[in-house]
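FYI, the numbering just counts along the sequence from 1. Numbering of ligands and ligand atoms starts at 1, following listing order.
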Amino acid sequence: MSTTRNLSESFVHTLEQAIDSVVVIDSDNRVILFNGAAEKLWGFHREEVLGNNVSMLVPENIRSKHDGYVDSNRRTGVNKIVGTTRDVPIHKKDGSQRWGSMSISRVETEGQILYTAFVKDVTEQRKERKRTKLLSLVADQTDNAIFITDGSGRLVYLNKGFEKLFGYHLEEIADCQPAQLLVPDLPPQRLVGLQRDLRGGRSCQVEELLQVKGGERIWCNVAINPVAGANGELAHTVTVLTEITASKIHQVLQHCILDAMVREMPLASVMDLLCSEIRRMAPEVRAAVIQVDENGAMHPLAAPGFSERYGQLLEGMPIRDGIGSSSVAACRGEMVFARDIASDPHWTPIRGECRALGISSAWSIPIKSAKGAAIGVLAFYYGEHRTPSVLHQQIVEVVLPLCAVAMEREANRESIRQLAFYDSLTRLPNRSLLHANADHALIEARRTRTALAVLFIDLDRFKQINDSLGHPAGDELLKLVAQRLGANRNSNDIVGRLSGDEFVVVLPDCDSERVNDTIEEIRQAISQPCRIAGSCFSPSASIGVSLYPRDGHDMSSLIHRADMAMYQAKSAGRGRFSFFSHELDELAQERQALESALREAIAQGTLQLHYQPQVTIEDGRVYGVEALARWTHPTFGVVSPARFIPLAEECGLITELGHWVLREACRQLAAWRRRGLNIPAVSVNLSPSNFHNLDLAAMIGSVLDQHGLVAADLTIELTENLLLDTNPGTMKVLHELNARGIRLAMDDFGTGYSSLSYLRKLPIQELKLDRSFVLDLEADETSRALSDAVMRIGDSLHLKVVAEGVEQHGQYRILKDQGYHVVQGYLLSKPLPAHDLEAWMMKY
Ligand SMILES: Nc1nc2c(ncn2[C@@H]2O[C@H](COP(=O)(O)O[C@H]3[C@@H](O)[C@H](n4cnc5c(=O)[nH]c(N)nc54)O[C@@H]3COP(=O)(O)O)[C@@H](O)[C@H]2O)c(=O)[nH]1
């Protein structure tokens, strides 16, 4: 206390008033002044401090050395502590700590050296400094780019992240407006709006495509925060940029493609959109997408940055390990990069063209299907010699699977479309698409008042080819004909396969001259010789034609009428054509009515059988009778079997009819026998399709049993057409019949497919010489020679030979001389109803 008294009152007063803490120590280092601010800082009352060694106020870790420092200064005057300012920790009475900025003054008064410490509480400033240091640490350590502008928008700060991401240093861009630097194409109105928001204190956050120093673009999330000055004006803006390129590329491109796909845009448009989007992200790239078809030919889908020449150059080019990057990439199934196409050997053949297109480097990446096949190529072209950047690689990584999805989806849709609308064998439009296209053509014809022709084309003898050479050969023929029909057609012509061997060609906008020319072209084309399944032949087709508007006003009627005309052509002979006429229509309608009536007659059993006797030449005895179907209809009158048998065959009634004849003939034979009439056997005609029924032998067996007959009582007559039937069941059935002892006779022998080797394999017992040979027997030597040959064949195969259609005694004599065993014909009797035959037998 006494020491304080040594200080002038004004000095003490001044120090007491000081805002900062003041501690004065005497030559013994005892505190002689401890002002109010110091009391507050340390938390001690001055009474607790005054007179004590100052070390009580000194932090513990330097307390032991403290007196030494001061004494040394006192002795030597070396100014280590005086005049300096440093931060020192202040340990408060309550144990807490604060920081003070301490400066020490040395005062010599009345021969003693006093030290005055001025201590300013800097605890808060230190905290702030630390925070700021940490903040700048954060700013520089983060990957985010941060920049600060002043109120006028001038850059005043940018962190290391900015330098790293954008490649700029503050000095080189300090005078720039960051918005214009980073988004050169930012529309002025957006900039004005942004500035308005910031001045209004509103922060803003956007995702933007920004340009880095080299011109490349990156996607960033941009958060701009305004910082207001003291007067509320915009003092600074703090912008934090986070790079989101990878996820944004994904998001933008995925959205671009998937959205386009959802909107059912055509594949080429989807790819066009994609290429344009790539260009927006990377203006230095001109992207193109090329499709590779199943035959390995390239088809450019989209190349928006190029002239038409690009498409022309690549269209149809085969993928090959040698030409251009894309072709090679697709061929090898791996990416190909040509840094300088001027010196790249792959580009030699098309170098000139590429120079004209402004391409210096190219990067081609194959687009692969889920199964790993190259279904396309994504190509990046550059105007300068360069390598793909990281951005380009990121884009490719995202785009490739999307392209593959879009292409495969299109391929799937195409194959579904193919399945739904195209015939899988010939690849021609099927019935549905044919009708749709034809309907469309008809609407157009109606609108333009032009004529239209429908050609119905049916292959001749297709069934025989199919049956004799097998179905694969039939398929081959259909494919060949489809190809021939499609060749040389006008782009508007419609060609389709209706079913089986039926094709339709629709010729829009055609006059009668063109119809005739086209028919001739088609006939010529179809009939070109070809080799199928090792056999060489010239196919032919029957063609029916209907014309719009003359023959009908809707496509169904026109096709139906062309079909009718085709029947007409076919019945006039093979390889012909016929135009629809209304007479034909009447005939067709009549045929339709006849078909219904026949169906009814078979169902109701209103058909009849007539019987024609056969006589053995040697002894004149009745050999048997042939049952022949007869039909008298209330309206149509007597319908010849030559008409209703083929009709029954065409409309699938022949099996039923055959069964009826069999049952009726057996019933009649049994009835005659019961009345004592000695008829040795009955012959029944069956059509080839009857032999497709695998139960035929069993069925006949049960009919015979039912009527108490034996197998030898029945002869089945079959025609030579059966030899063309490749149905595997036919032979089986024939052998079963033979095994049961039922006789088989080859009818109409000599008129059809007379293969002797086949004949030898058939289990037949009888040959029937066709009556056409008998007709000219007397006048024509050739007929005689033929009938003689047939007899020799029969003899050599140990067959009974029957001559039918014998009308004249002369014919009878010749046949007898030639050794024929049996005769049948009007000379003996016409086919007779059952009771008339009975009468004939009585008289005979
Ligand atoms: N699948 C079946 N086919 C049958 C059946 N019934 C008849 N037919 C076949 O129809 C064709 C025409 O038969 P049809 O008019 O009965 O003619 C037969 C005889 O009437 C006729 N014939 C007999 N003798 C003479 C004659 O001296 N002169 C002359 N001009 N014609 C004569 O020949 C036909 C004999 O037929 P086919 O012996 O079978 O060749 C005909 O192809 C019949 O086969 C049936 O029920 N099912």
N-O pairing of K479 and E476 below 4.0 Å
no

Give the residue, atom name and distance (to 0.1 Å) of the protein heavy atom nearest atom 35 (C) of ligand 1.
E804 OE1, 3.7 Å

Residues R431 and D423 bridged, charged N to O under 4.0 Å
no

Closest to atom 16 (O) of ligand 1 among protein heavy atoms sits R630 NH1, 2.8 Å

Salt bridge flag under 4.0 Å for residues E736 and R740
no

In Å and rounded to the nearest 0.5 Å, what is the CG to CD1 distance from L480 to I532?
5.5 Å

Heteroatom distance test (Q824, ligand 1): nitrogen or oxygen, under 3.5 angstrom
no

Contact between ligand 1 and S640 is defined here as a heavy atom of the residue under 4.0 Å from a ligand atom; is it met?
no

For atom 13 (O) of ligand 1, the protein heavy atom that lies nearest, with its residue and separation
P641 CG, 3.7 Å

In the protein, what heavy atom is nearest to atom 23 (C) of ligand 1, and what distance, to one decimal place, separates them?
Q612 OE1, 2.9 Å

Examine distances only and state if a side-chain atom of E595 and a backbone atom of R591 form a donor-acceptor pair shorter than 3.5 Å.
no

A student checking ligand 1 against V661 at a 4.0 Å heavy-atom cut-off should list atoms 46 (O)

Tell me, which protein residue and heavy-atom name are nearest atom 9 (C) of ligand 1, and how many Å apart are they?
I645 CG1, 4.3 Å

If you measure from atom 7 (C) of ligand 1 to every heavy atom of L828, L628, L827, which option wins on shortest distance?
L628

Which is closest to atom 37 (P) of ligand 1 in terms of heavy atoms, D747, I654, L718?
D747

Going by an N to O cut-off under 4.0 Å, is there a salt bridge joining K570 and D458?
yes

With a cutoff of 4.0 Å, is H610 in contact with ligand 1, counting heavy atoms of the residue only?
no

Give the residue and atom name of whichever protein heavy atom lies nearest to atom 2 (C) of ligand 1, and the separation in Å to one decimal.
N685 CB, 3.5 Å

Going by the atom numbers of ligand 1, which of them fall below 4.0 Å from some non-hydrogen atom of A629?
5 (C), 6 (N), 7 (C), 46 (O)

Is atom 30 (N) of ligand 1 touching the protein, meaning some protein heavy atom lies under 4.0 Å away?
yes

Check each atom of ligand 1 against the heavy atoms of K768 and keep those under 4.0 Å away; list them by number with element.
38 (O)

How close does the nearest protein non-hydrogen atom get to atom 27 (O) of ligand 1, and which residue and atom is it?
Y826 N, 2.9 Å

Just jot down the ligand 1 atoms closer than 4.0 angstrom to any heavy atom of D748, in number order.
40 (O)

Contact check, side chains of F503 and V481, non-hydrogen atoms, under 4.5 Å:
yes

Should K830 be listed as contacting ligand 1, given a heavy-atom distance under 4.0 Å as the test?
no

Among H821, E766, Q614, find the residue that satisfies the side chain to side chain donor-acceptor pair (under 3.5 Å) test when tested with Y623.
E766

Could you tell me the residue and atom name of the protein heavy atom closest to atom 21 (C) of ligand 1, and the distance to it rounded to 0.1 Å?
R771 NE, 3.8 Å

For atom 11 (C) of ligand 1, which candidate among G805, S689, P646, A642 provides the closest heavy atom?
A642

Which ligand 1 atoms are under 4.0 Å away from a heavy-atom of E807?
26 (C), 27 (O), 28 (N), 29 (C), 30 (N)

Given the protein's heavy atoms, is any one of them under 4.0 Å from atom 41 (C) of ligand 1?
no

Using a strict cut-off of 4.0 Å, indicate which atoms of ligand 1 neighbour a heavy atom of G825.
24 (N), 27 (O)

